[in-house]
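Step one of this worksheet: look at the structure below.
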Protein chains: 2
Amino acid sequence: MPENAALSIARLTRVLEDFTRMHIRLPAERRLSFTTLSVLHTLAGDGPKRLTELAGSEQVTQSAITQMVTKLEREGLVERHPDPSDGRAVLVHVTAAGAAIVDGRRAERMARLSELADLLTEAERAAIAAALPALARMVDLHSVPGTAPGTDPGADTPRDSARR
Amino acid sequence: MPENAALSIARLTRVLEDFTRMHIRLPAERRLSFTTLSVLHTLAGDGPKRLTELAGSEQVTQSAITQMVTKLEREGLVERHPDPSDGRAVLVHVTAAGAAIVDGRRAERMARLSELADLLTEAERAAIAAALPALARMVDLHSVPGTAPGTDPGADTPRDSARR
DNA sequence: GAAACTGTATCAGAAACTTAATTAAGTTAC
DNA sequence: GTAACTTAATTAAGTTTCTGATACAGTTTC
């Protein structure tokens with residue numbers, strides 16, 4: 001294969017659309033809504049966050065996060081702690097039980113993806129392995145636009161109250 | 001890089017988790033729910049489908065699909081046509097307006113992914129390009145498990161009434 | 001052609017979200 | 001230092017989208 005093969009954005013977009021829709025349905029356990037699981041994932045991965053931060057990254061209203069965190073707290077999956085640096089704010093921490101849910105779903109995905117990877121050829125597995133660092137970097141560039149030079153600073157604004 | 005590098009499933013899973021959560025929030029237009037958009041995407045990509053087929057692939061109840069299709073029909077995004085081969089069934093077709101929504105969101109994703117891809121090195125873009133066929137094949141293997149030999153036949157059952 | 005099965009629709013209620021209004025803590029201006 | 005403003009979180013009320021149960025028409029089986 002040519003080393004500087006042009007990357008077709010159209011093809012990338014299509015493949016990722018399909019892959020995303022498959023990936024998101026992989027775990028069987030679905031007692032929690034998509035947004036709720038995403039919050040747990042964020043907290044487990046990035047550590048404690050304020051409600052406003054969560055509202056921004058999940059693209060729902062602050063009110064929705066408050067209600068969700070209240071529910072998660074009742075279920076013992078997160079805890080509210082005061083923010084020592086700001087008396088108005090609250091820091092949401094994931095509990096061990098909450099982290100266990102994230103890990104459990106990850107294990108399910110790993111099991112299914114492992115089955116699928118077994119069906120690929122060795123060359124295909126190698127190609128995916130070689131692409132992972134670049135895919136991870138795209139995620140980084142998206143979430144921290146200031147890191148890279150020449151990035152559009154306005155593209156990431158947590159947008160105004162999406163109604164659905 | 002070694003041509004037969006082992007593919008780390010753990011790393012693949014992590015990268016895809018992060019990528020999925022980024023990708024799903026890319027388009028700005030969010031007048032429609034996630035499930036609704038997924039249905040439009042399926043219809044635009046695979047052609048007309050029965051309500052039960054949609055319920056299976058989207059992992060919501062048939063009741064939810066009926067209500068969603070009724071709403072989409074009122075908005076002119078899909079149409080119901082009788083299934084000539086079965087008097088009980090209904091075939092849901094996407095309209096031009098519905099397809100335009102799918103295309104519009106795809107265009108948004110392409111624009112943003114294109115920006116991100118521009119920030120990568122040529123080698124990174126080449127690595128992603130080289131992995132796309134393999135990623136697409138994983139999606140195929142997932143949705144049509146009978147195609148490949150040795151696949152667990154029970155793994156894909158549209159599961160029992162996911163409650164959230 | 002009666003019984004069992006399948007595909008869709010309808011209805012009540014639950015869950016998850018929105019907007020708007022409220023409380024409380026921090027910041028700025030004078 | 002107090003008044004006016006901003007920011008963080010909550011609460012209340014209403015909307016949308018889902019589940020679960022049921023009904024009913026069309027199909028298959030015998």
Side-chain angles (χ1 to χ4, degrees), chain A residues 24-25 28-43 48-75 77-93 157-164, chain B residues 24-25 28-40 43 48-75 77-93 157-164:
Chain A
I24 210 168
R25 308 282 195 200
E29 196 191 326
R30 356 188 78 253
R31 303 172 326 188
L32 302 167
S33 76
F34 171 70
T35 307
T36 303
L37 290 164
S38 188
V39 164
L40 284 180
H41 182 100
T42 299
L43 293 175
K49 283 204 183 303
R50 294 181 175 195
L51 293 178
T52 35
E53 290 181 285
L54 290 173
S57 65
E58 306 303 334
Q59 295 183 4
V60 294
T61 59
Q62 205 178 48
S63 178
I65 296 289
T66 294
Q67 296 170 63
M68 175 195 308
V69 166
T70 300
K71 179 169 173 277
L72 287 175
E73 205 173 22
R74 273 201 307 268
E75 296 171 2
L77 302 179
V78 303
E79 285 172 358
R80 269 182 244 241
H81 294 293
D83 184 340
S85 73
D86 189 335
R88 299 165 298 178
V90 165
L91 288 178
V92 185
H93 295 247
T157 319
R159 53 191 61 269
D160 51 326
S161 73
R163 105 192 139 79
R164 8 193 299 162
Chain B
I24 211 167
R25 309 277 196 204
E29 195 192 326
R30 0 187 75 255
R31 302 171 326 189
L32 301 167
S33 76
F34 170 71
T35 306
T36 303
L37 291 164
S38 188
V39 164
L40 284 180
L43 293 176
K49 282 204 184 305
R50 294 181 177 193
L51 294 179
T52 36
E53 288 182 285
L54 291 173
S57 65
E58 305 303 334
Q59 295 183 6
V60 293
T61 59
Q62 175 261 317
S63 177
I65 295 289
T66 294
Q67 296 170 67
M68 175 196 306
V69 166
T70 300
K71 179 168 173 279
L72 287 176
E73 205 173 21
R74 275 201 305 268
E75 295 170 1
L77 303 179
V78 303
E79 287 173 357
R80 270 183 241 242
H81 294 294
D83 184 341
S85 73
D86 188 335
R88 299 164 299 177
V90 166
L91 287 178
V92 184
H93 294 247
T157 318
R159 51 191 62 270
D160 51 327
S161 72
R163 103 190 140 81
R164 10 192 299 163

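Chain letters run A, B, ... following the sequence lines, proteins first, then strands; residues in each count from 1. Keep in mind the model is a prediction, meaning the values are calculated, not measured.
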Point to revise | Residue-phosphate contact under 4.0 Å: Thr61(B) side-chain N/O, dC18(D) OP1/OP2 | key: no
Practice item. Using only side-chain N and O atoms of Thr35(B), determine if any of them is under 4.0 Å from OP1 or OP2 of dT17(D). Key: no
**Study point:** With sequence neighbours excluded, residues passing side-chain hydrogen bond (donor to acceptor under 3.5 Å, both in side chains) with Glu58(B)
**Key:** Arg25(A), Ser38(B), Thr42(B)
**Study point:** Whole angstrom value for the distance that separates P of dC18(D) from CZ of Phe34(A)
**Key:** 14 Å
Exercise for review: Answer whether the closest heavy-atom distance between the side chains of Lys71(B) and Glu75(B) falls below 4.5 Å.
Suggested key: yes
Practice item. Identify the two heavy atoms, one from Leu91(A) and one from Pro84(A), that lie closest to each other, and give their separation to 0.1 Å. Key: CD1-CD, 4.4 Å
Review point. Does the dT11(D) base have a donor-acceptor partner in the side chain of Ser63(A) within less than 3.5 Å?
Key: yes
Review point. Mind checking what makes side-chain hydrogen bond (donor to acceptor under 3.5 Å, both in side chains) contact with Arg80(A), not counting sequence neighbours?
Key: Thr70(A), Glu73(A)
Exercise for review: Send over the distance from Gln67(A) CD to dT15(D) C1', rounded to a whole Å.
Suggested key: 13 Å
Review point. Parallel under 30°, tilted from 30 to 60°, perpendicular over 60°: which one fits the rings of Phe34(A) and Phe34(B)?
Key: parallel
Practice item. Let me know the distance between CD of Gln59(A) and C1' of dC17(C), rounded to the nearest Å. Key: 15 Å
Practice item. Would you mind classifying the nucleic acid contact of Thr52(A) as base, sugar-phosphate or nothing, using non-hydrogen atoms under 4.0 angstrom? Key: sugar-phosphate
Practice item. Please identify each residue that fulfils salt bridge (charged side-chain N to carboxylate O under 4.0 Å, His left out) with Asp83(B), with sequence neighbours left out. Key: Arg50(B)
Check your understanding: Just wondering, do Thr61(A) and Thr66(A) contact through their side chains at under 4.5 Å, heavy atoms?
Key -> no
Point to revise | Working for side-chain contact (heavy atoms from CB on, under 4.5 Å), residues Val60(B) and Leu54(B) | key: CA-CA 9 Å; Val60(B) 293; Leu54(B) 291 173; over 6 Å; no
Exercise for review: Would you indicate, yes or no, if dT10(D) has its OP1 or OP2 atom less than 4.0 angstrom from a side-chain nitrogen or oxygen of Arg80(A)?
Suggested key: yes
Review point. What's the CG-P distance between Leu51(A) and dT11(D), to the nearest Å?
Key: 12 Å
Check your understanding: To the nearest 10 degrees, how far apart in direction are the end axes of the helix from dG1(C)-dC30(D) to dC30(C)-dG1(D), each fit to five base pairs?
Key -> 30°
**Study point:** Any Lys71(B) side-chain N or O less than 4.0 Å from OP1/OP2 of dT17(D)
**Key:** yes
Exercise for review: Only counting residues at least two apart or in another chain, list the ones meeting side chain to side chain contact (heavy atoms under 4.5 Å, CB included) with Pro82(A).
Suggested key: none
Practice item. Give me the residues of residues 81-91 of chain A where at least one heavy atom lies under 4.0 Å from an atom of DNA chain D, by number, or none. Key: Arg88(A), Ala89(A), Val90(A)
Check your understanding: How would you list, by chain and number, every residue that makes a side chain to side chain contact (heavy atoms under 4.5 Å, CB included) with Thr36(A), sequence neighbours excluded?
Key -> Leu32(A), Ser33(A), Met68(A), Leu72(A)
Study note, to complete from the structure: From CD of Gln62(B) across to C1' of dT8(C) the rounded distance in Å is 5 Å
Exercise for review: Starting at atom CD of Glu73(B), determine the distance to atom P of dT8(C), rounded to an integer number of angstrom.
Suggested key: 13 Å
**Study point:** Arg74(B) CZ - dT16(D) C1' separation (whole Å)
**Key:** 11 Å
Point to revise | Non-neighbouring partners of Thr52(B) that pass side-chain hydrogen bond (donor to acceptor under 3.5 Å, both in side chains), sequence neighbours left out | key: none
For nucleotides 1-4 of chain C, list the nitrogen or oxygen atoms of the protein found under 3.5 Å from its nitrogen or oxygen atoms, one pair per line.
none

Revision key, fill the gap. Taken to the nearest whole Å, CG/Leu72(A) to C1'/dA16(C) is 12 Å
Study note, to complete from the structure: The salt bridge (charged side-chain N to carboxylate O under 4.0 Å, His left out) partners of Glu79(B) (sequence neighbours excluded) come to none
**Study point:** Position toward the 5' end of DNA chain D (nearest nucleotide), Ile65(A) or Ala64(B)
**Key:** Ile65(A)
Practice item. Considering just the side-chain nitrogens and oxygens of Arg50(A), establish if one lies under 4.0 Å of OP1 or OP2 belonging to dT7(D). Key: no
